[in-house]
Amino acid sequence: MNNLQKSARLTACSCDYYKADAIEALTNEIISCRLTNASEVVKEGKESLACPYFASRRSIPLAELVLLPYQVLLHEKTRSSWGIDIKDNVVIIDEAHNVIQTIGSLYTSELTLPTLTAALSLLRQYCDQFRLRLSARNLANIRLFITFVASLEAFLRNVKSASTLKIEEIILKCNLVDISLFSISDYMEKVDLCRKMHGFYLRSMRGILKERQEKSTGVAALLKKKKEEVAPPPSPTVSPPQRVGSPLFTIKSFLDSLLNPCEDGRILVEPGKSLKFILLNPGARLQSLVSLTHSSLLVGGTMEPAGVLIAALTYKSPSSEISRFSCSHVVPNENVMAMVIGCGSNGQRLELKMENRGNEQVLSSLCSSLLSLTRLSPSGSVIFFPSYSFLNTFIAYCEKTKVMKEFESIKSLFIEKQGAQDASKLLVDYSRAARSTKGALLLAVMGGRLSEGINFNDELGRSVIIVGLPYANRGSIELQERMKYLDGQRSGRGNELYESLCWHAVNQAVGRALR
């Protein structure tokens, strides 16, 4: 009887697209190459009521070529959960100039105080509700996990000053010496605790929302009615509610971060707010990936400067195993003119350091120089700025001094904006205007969405202008820790990282036109 009830519950809660026969048929379509891209797989999955996700996963062991996003390939546990086996296979990483930064960001994890508080409440509620059903071993492991979360929450709540801690220091300060973090992590993965708790979390949230939506009585109901009568009608465009995941996924990610070698990571403590783990040695993760493969190819159009990447690949391994190949770009040298403009037409030096970017004399000289270059350049021109804040400062000055109208009279003007802007539509509109008689001018940001992976070939990029250099904020604690770690390996490597971050962004922006 219990088995029948369980089966009925599973059937009632199962997904409409989780059908074995339909998924198998969709898998065959993928393997036979009848479906050539992700959108076609999704479309066919909707029509045949087959889950595209599970069909894609089932096709991986039978495929000879698998295309993966960085997040899946470069993160070990994600790769394992997807069933991606790279052992003795050939791995090709495109846009490889980003690989070290990407690995660092993938292994970064952050815990906030509200996340810890919510997780602690959820775990205690779960433990109280299922205490009699759980085995003694499971109950002991969950209580051990509760102790871990409670220790982090108490530390973050009581710490008085910001600091940067090593892994062993956070363990000591949180009194976690007697707790085996490896055992907790292994237990959570073995029983799939995060996924189980996610369902419990959703049911708990539905119960809370139901209580809040219950009708008030007495004076509260009268006040609510009066408020509704006075309030204006609601706007017709209401954004859908965001789906919030269980806090345990975030805590599991942070727990795994603490399992790294002590010298490879740091925890940034912001009192009463957050704990953030940063990985200082992403090269070790890249080395472990490369060592499994038959061969690895790291390719890109703007790989230089490659010193940081080469150092990561050769750290504790011979450099003789690395072969480098490079070739010139497809545009003949006589068709390219590169120049540096250090002064404006009025003789004002164009020193665009952070402290000078609000200087009106510098902005005036910059505007006159860009106006002259825009008049000389046919078709499309792209001007890249080092940051959105400086771009906004430049635009504000141009509007204040009426210079913006001069730009608009010369070419159709397009501006990349930070946030939820449709970059594809902006690019289409700019491309159409650039090919017109009047031409077009695009103001964008180095490191933004329009500075990588987009071709401004032919009429789209007859000139590319770089305004200033996008050096990272040297006051960033994360950057300081990474530079300090690299300097500990070899003197000068920290500054090499700092320089390479800037020049990769510049090369990416300039390279948009060299197509």
Side-chain angles (χ1 to χ4, degrees), residues 70 74-75 95-112 161-167 169-170 253-254 257-258 260-271 273-287 302-313 315 352-357 384-391 418 445-449 451-452 466-509:
Y70 269 176
L74 299 177
H75 194 273
E95 299 290 347
H97 66 278
N98 281 330
V99 70
I100 296 296
Q101 286 177 268
T102 303
I103 292 175
S105 63
L106 288 175
Y107 283 91
T108 295
S109 58
E110 185 172 12
L111 272 182
T112 63
S161 58
S163 59
T164 302
L165 303 176
K166 295 181 180 179
I167 295 176
E169 291 174 335
I170 193 76
S253 176
F254 189 82
S257 299
L258 298 181
N260 282 283
C262 292
E263 65 274 11
D264 283 0
R266 296 291 184 272
I267 292 92
L268 309 182
V269 181
E270 194 170 354
K273 293 184 179 180
S274 65
L275 299 170
K276 185 176 184 179
F277 173 86
I278 56 172
L279 182 67
L280 301 179
N281 188 18
R285 294 289 187 278
L286 181 60
Q287 278 188 328
T302 52
M303 295 294 291
E304 297 296 342
V308 173
L309 180 59
I310 296 297
L313 289 169
Y315 181 60
L352 299 176
K353 297 178 181 178
M354 185 65 68
E355 58 269 20
N356 291 340
R357 291 179 182 177
F384 284 105
F385 289 79
S387 65
Y388 285 104
S389 61
F390 185 37
L391 173 58
Q418 190 175 17
V445 173
M446 286 176 274
R449 287 168 294 178
S451 68
E452 293 194 26
I466 303 297
V467 178
L469 294 175
Y471 281 107
N473 178 14
R474 202 149 194 163
S476 166
I477 301 297
E478 291 184 41
L479 181 59
Q480 289 177 4
E481 289 297 325
R482 288 193 171 98
M483 291 177 65
K484 191 187 303 181
Y485 175 82
L486 291 174
D487 284 333
Q489 294 180 344
R490 178 172 58 81
S491 178
R493 281 196 62 190
N495 196 59
E496 188 178 353
L497 169 67
Y498 185 70
E499 292 285 340
S500 69
L501 291 174
C502 170
W503 288 110
H504 276 144
V506 172
N507 290 342
Q508 278 289 304

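What's counted below: heavy atoms across the whole structure, side chains too, no hydrogens, waters or symmetry copies. This one's a predicted model, so the numbers in the text were calculated from it and none came from an experiment.
Shown here for Val308 and Arg493, the closest heavy-atom pair between the two residues is O-NH2, 4.4 Å. Residue Arg449 comes nearest to Tyr388 through the heavy atom pair N-OH, 4.3 Å, listed as atom of the first residue, atom of the second, then distance. When all heavy atoms of Glu110 and Ser274 are compared, the pair lying nearest together is OE2-OG, 3.3 Å. Summarising the geometry of Asn507 relative to Pro305, their closest heavy-atom pair is ND2-CD, 4.1 Å, with the distance given to 0.1 Å. The two residues Ala96 and Leu309 have their closest heavy-atom pair at O-CD2, 4.1 Å. Taking all atoms of both residues into account, the shortest heavy-atom contact from Val445 to Leu391 is CG2-CD2, 3.8 Å.
The distance from the CG atom of Asn473 to the OG atom of Ser387 is 11.0 Å, given to the nearest 0.5 Å. Considering CZ of Phe277 and CD1 of Ile167, their distance stands at 4.5 Å, rounded to 0.5 Å. For the atom pair CG (Leu501) and CD (Glu496), the distance works out to 11.0 Å, reported to the nearest 0.5 Å. How far CG of Leu74 is from CG of Leu286: 7.5 Å, rounded to the nearest 0.5 Å. Between atom CD1 of residue Ile170 and atom OG1 of residue Thr164 there is a gap of 11.0 Å, rounded to the nearest 0.5 Å. The line from CG of Leu258 to OG of Ser109 is 7.5 Å long, rounded to the nearest 0.5 Å.
The aromatic rings of His97 and His504 sit tilted relative to each other, their planes meeting at an angle between 30° and 60°.
Residues Glu95 and Gln508 have side chains in contact (heavy-atom distance under 4.5 Å, counting atoms from C-beta outward). Contact check for Arg357 versus Pro386: side-chain heavy atoms found under the 4.5 Å cut-off. Between Thr108 and Leu279 the shortest side-chain heavy-atom distance does not fall below 4.5 Å. With contacts defined as side-chain heavy-atom distances shorter than 4.5 Å, the pair Tyr485/Asp264 qualifies. Taking the side chain as every heavy atom from C-beta outward, Leu275 and Leu268 never approach each other to under 4.5 Å. The side-chain heavy atoms of Ile100 and Leu497, taken from C-beta on, include no pair separated by under 4.5 Å. Between Cys262 and Lys166, the closest side-chain pair of non-hydrogen atoms is not below 4.5 Å. Residues Ile103 and Tyr70 fail the side-chain proximity criterion, which asks for heavy atoms closer than 4.5 Å.
Taking a cutoff of 4.0 Å between a charged side-chain nitrogen and a carboxylate oxygen, Lys484 and Glu481 qualify as a salt bridge.
Partners of Glu270 under the salt bridge (charged side-chain N to carboxylate O under 4.0 Å, His left out) rule, at least two apart in sequence or in another chain, are Lys273. Remark: Tyr107 pairs with His75 by the ring pair (Phe, Tyr, Trp, His ring centres under 6.0 Å) rule, at least two apart or across chains.
For Tyr498 and Tyr471, the distance between ring centers is under 6.0 angstrom.
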